[in-house]
Protein chains: 2
Amino acid sequence: MYTIGQISEMFNIPISTLRYYDKEGLFPEMERRSGIRRFSEKEVEALRVIECLKASGLEIRDIKQFMKWCVEGPSTYSKRKDLFEKRKKAVEEEMKQLQKTMDMLKFKCWYYEKAIKDGNEDRLNQMLPDHLPKEIQKLYDSAHS
Amino acid sequence: MYTIGQISEMFNIPISTLRYYDKEGLFPEMERRSGIRRFSEKEVEALRVIECLKASGLEIRDIKQFMKWCVEGPSTYSKRKDLFEKRKKAVEEEMKQLQKTMDMLKFKCWYYEKAIKDGNEDRLNQMLPDHLPKEIQKLYDSAHS
DNA sequence: GTAATACCTAAACCTGACTTTAGGTCAAGT
DNA sequence: ACTTGACCTAAAGTCAGGTTTAGGTATTAC
């Protein structure tokens, strides 16, 4: 059993945020001893799931719904699995998007490196949009598609 | 030259958002004809960069700073390159984080698939935390590290 | 016994990124 | 001339996800 302060240190999450999560219903079964929250291993695992679902782009209210399902028992297994499958797809999309972002960033790094060498963008402007070095052209095309 | 309505369709961004970006200084050199905005190829490329920097996690005020540097000319090439290098690192971090998120999601999908088959979590609880099938154990460990 | 810590609540406040509202301009078509 | 549609502004409103504030309780250290 952990206090809110221990959990805060463990996860590097402000105490105020943990209380906010609790208020929003993300720990529906948390115990209390004379008013004080007692985080068990269950809440620790819940918090890992909260961080995962949040990182996947899910909103607090939907995480709360998931936590409710967990309390309801085996009848909600398939709803829970569905949720995770959907989050998986969302994260796959997000990663594709990030890869495009990455290509643009790499292109711009190359671009400015060359601009610094040349002292201006004249030669670069002549190469755009389709006379770039092969590997750079790939990045440019990916970022501009 | 494009109107705000054409750009809105082109990028699938609300007109109100484009006006907001302009008000925030993200198009410092945009022309006007009798009060009406005229987006040139320069602004189109700026918008691609805005979307990229936003996707990399940069705030509007910092994107504005970048756009100011662009107006200042060659003396800011290295500042601009630095910015893109930093964004690249931030996105690399973000991708690592997303990979961990993905591992947790895959683990949970496997978990609930098994829970559905079994009708309960008893066998699963016996396998946790280190008697999982080899590939699943990898996902679990990655997500819980 | 009293001081320092670590906990508690309710409610107000904050921030970033937009969006909506209310009222106005301007050019083209009928 | 007048209506329609696309543009304009300033200012207020919205929303998620917290954080801060103000006032209070409970346990341990001296």
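The figures here come from the full heavy-atom set of this structure, side chains too, leaving out hydrogens, waters and symmetry mates. If you're wondering where the values come from, they're calculated on a predicted model, not measured in any experiment. In what follows, chains carry the letters A, B, and so on, assigned in the order in which the sequence lines appear, proteins first and then strands, with residues in each chain numbered from 1.
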query = More 5' along DNA chain D: B:G5 or B:K23, using each one's nearest nucleotide?
reply =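 Nearer the 5' end of the strand: B:G5.
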task = Map A:T17 and B:I36 onto DNA chain D by nearest heavy atom, then report which one ends up closer to the 5' terminus.
result =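 Nearest nucleotide further toward 5': that of B:I36.
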By nearest atom, which of the nucleotides [options] is closest to the [X] side chain?
X	options	answer
A:S16	C:dC7, D:dT20, C:dT20	D:dT20
A:R32	C:dT9, D:dA11, C:dC7	C:dT9
B:R61	D:dG18, C:dG16, C:dC18	C:dG16
A:S34	C:dC18, D:dG17, D:dT27	D:dT27
B:R19	D:dT9, C:dC18, D:dG17	D:dT9
B:I60	D:dT19, C:dA17, D:dG17	C:dA17
B:I4	D:dC7, D:dT19, D:dG17	D:dC7
A:R37	C:dT20, D:dT9, C:dC8	C:dC8

ask   = Can you tell if the side chain of A:W110 reaches within under 4.5 Å of the side chain of A:P133, non-hydrogen atoms only?
value =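 With C-beta onward as the side chain, the pair touches.
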ask   = Is a donor on one side and an acceptor on the other found under 3.5 Å between the side chain of A:E9 and the backbone of A:Q6?
value =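 Side chain of A:E9 to backbone of A:Q6, a donor-acceptor pair under 3.5 Å: no, none is there.
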inquiry  = Between B:N125 and B:E121 (side chain of the first, backbone of the second, donor and acceptor by atom type, cut-off under 3.5 Å), is there such a pair?
reply    =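 It does hold such a pair.
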request  = Determine, for A:R38 against A:E31, whether the closest basic-nitrogen to carboxylate-oxygen distance falls under 4.0 angstrom.
outcome  =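 Answer for the salt bridge query: yes.
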inquiry  = Do the side chains of A:R32 and A:D22 get close enough for a salt bridge, i.e. N-O under 4.0 angstrom?
reply    =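 A salt bridge is present here (some side-chain N lies under 4.0 Å from a carboxylate O).
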Figure out the [atom1]/[atom2] separation between [X] and [N], and round it to whole Å.
X	N	atom1	atom2	result
B:D62	C:dT15	CG	C1'	14 Å
B:L53	C:dG16	CG	P	17 Å
A:I15	D:dG17	CD1	C1'	18 Å
B:L18	D:dA6	CG	P	16 Å
B:K54	C:dG16	NZ	C1'	11 Å
B:I50	C:dC18	CD1	C1'	14 Å
B:L26	C:dC18	CG	C1'	13 Å
B:R38	D:dC7	CZ	P	13 Å

request  = Would you mind classifying the nucleic acid contact of A:E59 as base, sugar-phosphate or nothing, using non-hydrogen atoms under 4.0 angstrom?
outcome  =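 Sugar-phosphate contact only.
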inquiry  = Does the structure place the NZ or CZ of B:K108 under 6.0 Å from the centre of the six-membered ring of B:Y111, at an angle of no more than 45° from the ring's axis?
reply    =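 Yes, a cation-pi geometry holds between B:K108 and B:Y111.
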query = Looking only at side-chain N and O atoms, does A:Y20 come under 4.0 Å of OP1 or OP2 in D:dA16?
reply =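 For D:dA16, OP1/OP2 do not have a side-chain N/O of A:Y20 under 4.0 Å.
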A:K64 side-chain N/O to D:dA16 phosphate OP1/OP2 under 4.0 Å =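 Indeed not, no polar side-chain atom of A:K64 lies that close.
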